Amino acid sequence: MSSSHDLPRNYDFAEVEERWRSIWRDEDHYFDKNSKKPQFVIDTPPPYPTGNFHIGNALNWCYIDFFARYKRMKGFNVMFPQGWDCHGLPTEVKVEELNHITKNDVSREEFRRMCRELTEKNIGLMRITLRKMAFSTDWSNEYVTMEPKYYGKTQLSFLRMLSSGYIYQSEHPVNYCTRCETAIAFAEVAYEERETQLNYFDFDGVEIATTRPELLAACVAVAVHPDDERYSKLKDRTMKVPLFCHDVPVVLDEAVDPAFGSGAVMICTFGDKQDVHWWKQHNLALRKAIDRQGRMTEIAGKYKGLNTTECRVAILADMKAQDILLRQEKLAQRVGTCWRCKTPIEILSERQWFVKIKPAEIADAAHQISWFPEHMLLRMENWVEQMEWDWCISRQRIFATPIPVWFCKKCGEIAVPEDKELPVDPTQVSPKHPCKKCGSTEFTGEEDVLDTWMDSSISVLNVTGWDGSGTPPFFPAQIRPQGHDIIRTWAFYTILRSVALTGQKPWEEILVNGMVLGEDGFKMSKSRGNIIVPEEILVKYGADALRQWGAMGAATGSDIMFNWNDVVAASRFQTKMWNITKFALIQLEKEGFDPDAQITALADRWLLVRLSDTVEQVSNALESYQFDVALKAIREFAWEVLADNYIELVKGRLYKDDNSRKGACLALHTAFDALCRLLAPFTPYFAEECYSHLSPGKSVHKQPWVAFTYDDDAARIEGDLLVQVVAEVRKYKHDTGLALNAPLGKVTIYAQQTVNDEGDTGRTLNAEVHWRTDAAKLDRVITDIDFNRSVIGPAFRKQAGAFMAAIKALSPEQLANPPKTITLEGSEVTVPENAFTPKYSYMEEGAQVDVITVGDVILTIAKA
RNA sequence: GGGCUUGUGGUCUAGUUGGUUAUGACGUCGCCCUUACACGGCGGAGGUCACCGGUUCGAAUCCGGUCAGGCCCA
């Protein structure tokens, strides 16, 4: 134990946090591959290296660190890896922006180098925040998806799924962002509400409504509802497309809504997902009118080269000129846009790579995983059930994992590298062997790259040691922590890939955290100006306070509003705990502490039984990831049970110099030691600081989790009574205008059981306290009568005075049980309800006392 | 339009399988600087548990509907 003289008056989080950060060693958090302990592998989310570790990340990581630290103390071999999901458009866009270039202005290699450089810088910045937050990261298991070591595995996983038939290439309509010039997956399409124009025009004699006249060149059919009598004569006909003059068939389809527009629609390749549906179902022709840059193609004839907006204007003008544009209406519609750049997406038919989605397989694995909170599983189920297309994994970008494939220039056959050649960039190197089919040595490297989710969806395979064969040594992981916003992407793709590559679920449990909203209850955004960055909180209140906010801000899994109040409250709790620490150390160093002391006093037993309850509550809560419940129980124990009640009760005994303080010292030591350990996962710096003063040279983070139990039901019940008695007497002092430390004379407590309080109650109340088990012998005396003049006045008017005099004249027995009527100046009058209340005083053994009841217990107080 | 989720004092929030007086924090009001702590202690005020209906001896809790918010999707 360090001397209390060493303890500064105030807790200086900045000094303490920096000091421990320099003392702690990374090695303490390394996963031990040879350990005999049970493993606890966490499939940590690899954040996108934007350079800012935002508050949502912070919340997610707080949860991870809480259970990582808890599990370590519980004796698990914990792996808390840190990944970085580097590839993707945002970085490309940022690089273009920072350097005022477009990706086509420099070579692919140069562009990649610039992206890597920016990413490395950003990772550096984010690592600093992670360390400040005291996350117990296993830096020996850090992975960076843009590094060859990692993306080689991404490529290996691609090849495995290619050979097992999960991956195929095909020409198929895909969502395409013409600004980013790449295909995107459905998960990357964001829908936005927009107002557009619905144009009615004459289509070979039939009125048709369309929002996208620019797609007229891509029209491949006209569809009507089979029961729509207006159009029954169109059956089996072909129709001539206005302006373009090609013939298209008329198809009948139930999905056409006769009430929308004119009830007849044109099918274009492709205006929306419904067009793709009809196109497939009716086996229609393919007319590609828009290219990858979003410009009109050959098919569009004289409109070739225009972008879609220009083309729309031109076609509408030409329709007007030909007098076939009938009318226009405003229409609210939802447009699919690129989630990165918000450009409306086009559906283009392109040769792309796909991963087969087998919904049943994924649903089955999802059901084998425990979900926290449970209802998040439903989101996965809903997403899985409505999958229509396979997952398009090819992207036409640069900063991403190359698709490890060549095409034979002669016969088109695919060539793939051997495992040991990975990673490869097929645009830079050639295959080692001639074409299997035709023997040619001329190849073209695939220029397309992989969707970033192809990298991140093997995070769990990577950390569990996957090498391309069978089940990895540490697979499945024990838990996946992540936000609910990426259930349909990261969670979904990870399950898909794990099942495809290992045949098993990726994790035993998944813990889904909520989103962090601004103080105003809205999603944090620049435009609202409600963004809070972790760094700001770290500077003002420190990491431990921020971590407490993360634990207590909301129930695990629900969205959480950021709230400075919670951070302030957290920091106040630390102040309180710091004062408890100072008090405990001053007391414990007085005479050392005796681990063999006997605990006999009620207050001491009560503290230990409440501690035992708290340990159980906190442990149970942590097992089910209820961090709010756990920390709340800890705070309540420290603040209410230990500080406000226990310490106040035993102070007097601790100040004494005799043997009776030994039991209190042991109880205090036990509770304080346990508190440090309970707090360790939540406030690692603070807990370490407190514990280091209690047990110098030892780290609380290397101690086992508290296993303290104390079974003493009587102490819980009697101790609660003791605390209640003290509270009632305090209230009595307050009500009678006495200072809390004012001397009180004699207090007699009539309880059913004998209580050994070692004199604690008396010292706490500054009174002579007697606990008695016999019945109280009290005489009740009416000392005065309170009259209710607002009742008496209106009822008796001038006789009011006489009424009150008559009541005063009643005997004590009559007053205790008042008559219904009374004789007033010779006549019977009714005694109104609530007209008066007798005031009693009590006499005990001839002295006047005040009486308080606490349940069945009677307290009498004889003032000094 | 569909799925999920939420609606508790001024603000935020707890409330597990329905069970006496609905939890805590912040704010607010009053008293108190008692040898760990005024970044504190003690006490008080403040709630038709969104609304309507149902099940029940009993509903914040279960069921149905309405209204409002959030998220995801069509």
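Just so we're clear, the structure is a prediction, and the values are computed from it rather than from any experiment. Note on naming: letters A, B, ... go to the chains in the order of the sequence lines (proteins, then strands), and numbering restarts at 1 for each one.
- Across the strands present, G53(B) finds its partner in C63(B); the criterion is a Watson-Crick or G-U wobble pair with both atom distances under 3.5 angstrom.
- Counting non-hydrogen atoms under 4.0 angstrom, Ile580(A) reaches a base of the nucleic acid.
- Ring geometry for Trp391(A) against Tyr493(A) counts as parallel: the plane angle stays under 30°, on a 0 to 90° scale with 60° as the upper cut.
- U28(B) and G47(B) have their C1' atoms separated by 16 Å, given to the nearest Å.
- Across the strands present, U23(B) finds no partner; the criterion is a Watson-Crick or G-U wobble pair with both atom distances under 3.5 angstrom.
- When the side-chain nitrogen and oxygen atoms of Tyr655(A) are compared with OP1 and OP2 of A36(B), one or more of them lie within a distance under 4.0 Å.
- A straight line from CE of Met380(A) to P of C71(B) spans 20 Å, rounded to a whole angstrom.
- Atom C1' of nucleotide C37(B) and atom CD of Gln587(A) are separated by 14 Å, given to the nearest angstrom.
- Candidate nucleotides C37(B), C12(B), C42(B) were compared by shortest atom distance to the side chain of Asp644(A), and C42(B) ranks first.
- U61(B) sits 13 Å from U56(B) when the C1' atoms are compared, rounded to a whole Å.
- In this model, the phosphate group of C31(B) is not approached by any side-chain N or O of Lys733(A) to a distance below 4.0 Å at OP1 or OP2.
- At A25(B), none of the side-chain N or O atoms of Arg572(A) fall inside 4.0 Å of OP1 or OP2 (strictly under the cut-off).
- In this model, the phosphate group of A38(B) is approached by a side-chain N or O of Arg9(A) to a distance below 4.0 Å at OP1 or OP2.
- Heavy atoms of Ile647(A) sit under 4.0 angstrom from at least one base atom.
- Projected onto RNA chain B by closest heavy-atom contact, Thr581(A) and Asn645(A) fall at different nucleotides, the more 5' of which corresponds to Thr581(A).
- Taking only side-chain atoms of Asn382(A), from C-beta outward, the nucleotide of C39(B), G3(B), C37(B) with the closest atom is G3(B).
- The CG atom of Asp485(A) sits 15 Å away from the C1' atom of C4(B) (whole-angstrom rounding).
- Picking from C71(B), G43(B), A36(B) the nucleotide with the shortest atom distance to the side chain of Ala727(A) gives G43(B).
- Here the side chain of Lys273(A) is nearest to one of C71(B), A74(B), C42(B), namely A74(B).
- Base pairing of A68(B): its partner is U6(B), meeting the Watson-Crick or G-U wobble criterion (both donor-acceptor distances under 3.5 Å).
- Regarding contacts with the backbone of C12(B), every side-chain N or O of Trp564(A) stays at 4.0 angstrom or more from both OP1 and OP2.
- Nucleotide U35(B) forms no Watson-Crick or G-U wobble pair with any nucleotide shown, as no partner meets the under 3.5 Å limit on both distances.
- Within the structure, a side-chain polar atom (N or O) of Lys731(A) is placed less than 4.0 Å from OP1 or OP2 of G44(B).
- Of the P atoms belonging to G53(B) and C71(B), the separation is 32 Å, rounded to the nearest Å.
- Taking the six-membered ring for Trp and thresholds of 30 and 60 degrees, His693(A) and Trp578(A) have ring planes more than 60 degrees apart, a perpendicular arrangement.
- In this structure, Phe573(A) places its CZ atom 18 Å from P of C39(B), rounding to the nearest Å.
- Spacing between G7(B) and U48(B) at atom C1', rounded to whole Å, works out to 16 Å.
- Aromatic ring orientation, Trp564(A) versus Phe562(A): perpendicular (interplanar angle above 60°, classes split at 30° and 60°).
- Remark: the Asp364(A) side chain and the His367(A) side chain contain no N/O donor-acceptor pair separated by less than 3.5 Å.
- In this structure, Asn565(A) places its CG atom 12 Å from P of U13(B), rounding to the nearest Å.
- Taking only side-chain atoms of Asn10(A), from C-beta outward, the nucleotide of C39(B), A36(B), U13(B) with the closest atom is C39(B).
- Distances were taken from every side-chain heavy atom of Thr575(A) (C-beta onward) to each of G40(B), C39(B), C71(B); the shortest belongs to C39(B).
- Rounded to a whole angstrom, the distance from the P atom of G10(B) to that of A45(B) is 16 Å.
- Remark: G43(B) base-pairs with C29(B); criterion is Watson-Crick or G-U wobble with both hydrogen-bond distances under 3.5 Å.
- No contact: Glu381(A) has no heavy atom under 4.0 Å from any strand.
- Atom CG of Asp566(A) and atom P of C12(B) are 12 Å apart (whole Å).
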Quiz item: Between Arg610(A) and Asp720(A), is a salt bridge (Lys or Arg N to Asp or Glu O under 4.0 Å) present by the stated rule, with each step listed?
Solution: CA-CA 10 Å; Arg610(A) 291 297 299 266; Asp720(A) 283 349; 3.6 Å; yes
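- Along RNA chain B, the nucleotide nearest to Asp628(A) and the one nearest to Leu517(A) differ in position, and the one closer to the 5' end is contacted by Asp628(A).
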Quiz prompt | Asn645(A) and Trp606(A): CA distance, side-chain angles, deciding distance, side chain to side chain donor-acceptor pair (under 3.5 Å) verdict | solution = CA-CA 10 Å; Asn645(A) 290 316; Trp606(A) 178 75; over 6 Å; no
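- Using atom P as the reference point in both G27(B) and A22(B), the two lie 24 Å apart (nearest Å).
- Using modelled atom types and a 3.5 Å distance limit, the side chains of Tyr11(A) and Glu689(A) yield no donor-acceptor pair.
- Between Tyr63(A) and Phe627(A), the distance separating the two ring centers is shorter than 6.0 angstrom.
- Rounded to whole angstrom, the span from the CH2 atom of Trp639(A) across to the P atom of C42(B) amounts to 10 Å.
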